[in-house]
Participant: 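The structure follows.
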Amino acid sequence: MLGRSIVTLDHFILDRQIEFRYASGELSRILYDISLAAKVINREVNKAGLVDIMGITNATNVHGEEVKKLDVFAHREIIKSLRLGGQCCVLGSEEEEDIIPIRAEDSGEYIVLFDPLDGSSNIDVNVSIGTIFSIYRRQTAVDSVEGLRKEALQRGVNQVAAGYVLYGSSTMLVYTTGHGVNGFTLDPGIGEFLLSHPNIQIPAKGKYYSTNQGYYHLWEEGLKNYIRYLIEDDPATGRPYSLRYIGTLVADIHRTLLYGGVFFYPGTHSAPKGKLRLMYECNPMAFIIEQAGGTATDGFQRILDIKPERLHQRAPLFIGSKVDVEQVHHFLQKGR
Ligand code: AHG
Ligand code: MN
Ligand code: MN
């Protein structure tokens, strides 16, 4: 019996190129460039602990958070790969305060916003970490820094592609170009991402909820009521749900995508917009989850409809199976 034919990411990108509105191969090249950077980052993640790439640099990033060396390494690798690829006019990274304009001679039609290393707090304890990317096409021909800043602040609904890399027990790349969601697993033996999860669909309802419940006392009443509802013992409605929280957005979303359920990182009185960044965490994850049949909101509106004002702005995030996110909204509305 012949096994399923082996489909590499590069073949898949090329085969599906006709689906892009702009089938010129530029977007394909960007996806290739990102997958190349992912392989290089993966090699360092796997070596981490053996070489002095772990631990803390003395630097802190724009958010005042300690920047671990792997963050900086990943940030630089992605910029290098995209700059060489020549398809982008401007980049935006969690690790850089302002946009990163690409010189006119290397410039292209696309914008890539990215979280080079997601889950930094988990680097030193060998827990899964990730990379997140969000791709837009430029809307104007302006090349001024001010014009490029505007290009980098499009609504999430304008994304032409989004994806993540999960450096876990195996390394996976999951992405969408608006025609469904597909997952690829890295075969280190041949250095290729192979199609392992074609056409991923999120279950309509799950049995997991995923949040940092340590902040429970800071949440609005409706959300507390939702948690109290979820942990009641009522097998007929699939309760109690189980709590799963890894603390790496990529890993928590990947599990939610495959198993269903709901992830949320809500706002609190002291941090009304929560912690997660709209442009390179919430928007790409929302695009992926919606393409897989799920829902993503900020507790009020669709994440992808939010009009961005700043590159590093935060947004509350409620994301996952349609039935579960609708149920959270029901409790939020009742509590307001
Ligand atoms: P990053 O490492 O890119 O700053 O992202 C960390 C984020 C995200 O990965 C995760 O969901 C969240 O921080 C966890 O926050 P808490 O530690 O507050 O739960
Ligand atoms: Mn992150
Ligand atoms: Mn990060």
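Since we're looking at a predicted model, the values are computed, not measured. Values below: all heavy atoms of this structure, side chains included; hydrogens, waters and symmetry mates excluded. Note that ligands are numbered from 1 as they come in the structure, with each ligand's atoms numbered from 1 the same way.
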Participant: For ligand 1, which atoms sit closer than 4.0 Å to a heavy atom of Asp115?
Facilitator: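 That gives atoms 3 (O) of ligand 1.
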
Participant: Below 2.8 Å, any N, O or S contact between Glu94 and the Mn ion (ligand 2)?
Facilitator: no

Participant: Given that the side chain starts at C-beta and the backbone is N, CA, C, O, which of these parts of Met285 lies under 4.0 Å from ligand 1, counting heavy atoms, or is it both or neither?
Facilitator: neither

Participant: Relative to the heavy atoms of Arg277, which atoms of ligand 1 are at a distance of less than 4.0 Å?
Facilitator: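 Per the distance check, 1 (P), 3 (O), 4 (O), 5 (O).
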
Participant: Is the contact between Tyr280 and ligand 1 made by the side chain, the backbone, both, or neither, using heavy atoms and a 4.0 Å cut-off?
Facilitator: neither

Participant: Side chain, backbone, both or neither: which part of Leu249 comes within less than 4.0 Å of ligand 1 when only heavy atoms are counted?
Facilitator: both

Participant: If you measure every N or O of Thr248 against every N or O of ligand 1, does any of those distances drop under 3.5 Å?
Facilitator: no

Participant: Any idea which atoms of ligand 1 are less than 4.0 Å away from a heavy-atom of Tyr265?
Facilitator: 15 (O), 16 (P), 18 (O), 19 (O)

Participant: Please assess Glu151 against Thr140 for the test side-chain hydrogen bond (donor to acceptor under 3.5 Å, both in side chains), listing each intermediate value before the final yes or no.
Facilitator: CA-CA 8 Å; Glu151 291 284 5; Thr140 70; 2.6 Å; yes

Participant: For residues Ser134 and Asn283, is any side-chain donor paired with an opposing acceptor at under 3.5 Å?
Facilitator: no

Participant: For ligand 1, which atoms, with element, lie under 4.0 Å from some heavy atom of Glu281?
Facilitator: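 Contacts of ligand 1 toward Glu281, numbered from 1: 3 (O), 5 (O).
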
Participant: Does some non-hydrogen atom of Leu117 fall short of 4.0 Å from ligand 1?
Facilitator: yes

Participant: Is it the case that the ring center of Tyr280 lies less than 6.0 angstrom away from the ring center of His312?
Facilitator: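 Ring centroids of His312 and Tyr280 are less than 6.0 Å from each other.
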
Participant: Tyr245 heavy atoms, cut-off 4.0 Å: which ligand 1 atoms fall inside?
Facilitator: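 Listed by number with element: 14 (C), 15 (O), 16 (P), 19 (O).
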
Participant: Heavy atoms only: which of Val250, Asp252, Asp118, Leu276 is nearest to atom 5 (O) of ligand 1?
Facilitator: Asp118

Participant: Does at least one non-hydrogen atom of Ser121 fall below 4.0 angstrom from an atom of ligand 1?
Facilitator: no

Participant: Give the numbers and elements of all ligand 1 atoms closer than 4.0 Å to a heavy atom of Asn212.
Facilitator: 16 (P), 18 (O), 19 (O)

Participant: Would Gly119 count as being in polar contact with ligand 1, using the rule that some N or O on each side must be under 3.5 angstrom apart?
Facilitator: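 Min N/O separation from ligand 1 is below 3.5 Å for Gly119.
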
